[in-house]
Amino acid sequence: MAKIQIKDRDGAEHSLEAPSGTTLMELLRDEDLDVEGTCGGICSCGTCHVYVSEDWAGRVPAKGEDEDMMLEAIGEVVELRPTSRLSCQIEIDDSLDGLSVEIGPVA
Ligand code: FES
């Protein structure tokens with residue numbers, strides 16, 4: 001279980017408990033925070049884009065090649081930042097307690 005701090009696209013802050021073993025995308029989608037997760041978490045839609053806070057950027061699991069490629073693709077239509085991640089690729093565990101993210105724009 002980890003408590004996650006989330007800023008939505010309207011700038012509102014949310015503090016949510018996330019069970020270990022789920023992904024950040026599933027949490028955002030299931031809490032109706034306007035994250036569709038259209039592809040179901042297989043790294044092929046980009047609708048789960050988040051900006052991880054800078055202090056957490058080096059503490060979340062590293063990006064894989066598929067995630068890098070998908071981010072590059074959505075970067076043609078939305079603003080990417082150095083801390084951009086696909087939330088479906090971030091699996092929650094206790095080490096992420098206190099993680100802070102901002103939901104990214106959709107194309
Ligand atoms: S849910 Fe589709 S890329 Fe993350």
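These values consider heavy atoms only, across backbone and side chains, with no hydrogens, waters or symmetry-generated copies. The first residue in the sequence is number 1, and the count goes up from there. In each ligand, atom 1 is the first atom listed, and ligand 1 is the first ligand listed.
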(message) Evaluate Arg9 against Asp34 for side-chain contact (heavy atoms from CB on, under 4.5 Å), listing each step before the verdict.
(response) CA-CA 8 Å; Arg9 293 193 188 100; Asp34 199 25; 3.0 Å; yes
(request) Give a yes or no on whether a salt bridge exists between Arg85 and Glu67, defined as a side-chain N under 4.0 angstrom from a carboxylate O. (result) yes
(request) Identify whether the distance between the nearest side-chain nitrogen and carboxylate oxygen of Lys3 and Asp97 falls below 4.0 Å. (result) no
(request) Keeping waters out of it, list the protein N, O or S atoms under 2.8 Å from atom 4 (Fe) of ligand 1. (result) Cys48 SG, Cys88 SG
List the atom pairs, with distances to 0.1 Å, where a side-chain N or O of residues 39-53 and a protein N or O form a donor-acceptor pair under 3.5 Å, not counting sequence neighbours.
from: Thr47; atom 1: OG1; to: Gly37; atom 2: N; distance (Å): 3.0
from: Thr47; atom 1: OG1; to: Thr38; atom 2: N; distance (Å): 3.2
from: His49; atom 1: NE2; to: Ser84; atom 2: OG; distance (Å): 2.9
from: Tyr51; atom 1: OH; to: Glu79; atom 2: O; distance (Å): 2.6
from: Ser53; atom 1: OG; to: Asp55; atom 2: OD1; distance (Å): 2.7
from: Ser53; atom 1: OG; to: Ser100; atom 2: O; distance (Å): 3.2

(message) Do Val78 and Leu86 land in one hydrophobic cluster if side-chain heavy atoms of ILVMFWY residues count as linked below 4.5 Å?
(response) yes
(message) For Glu54, is there an ion pair with Arg81 - N to carboxylate O distance below 4.0 angstrom?
(response) no
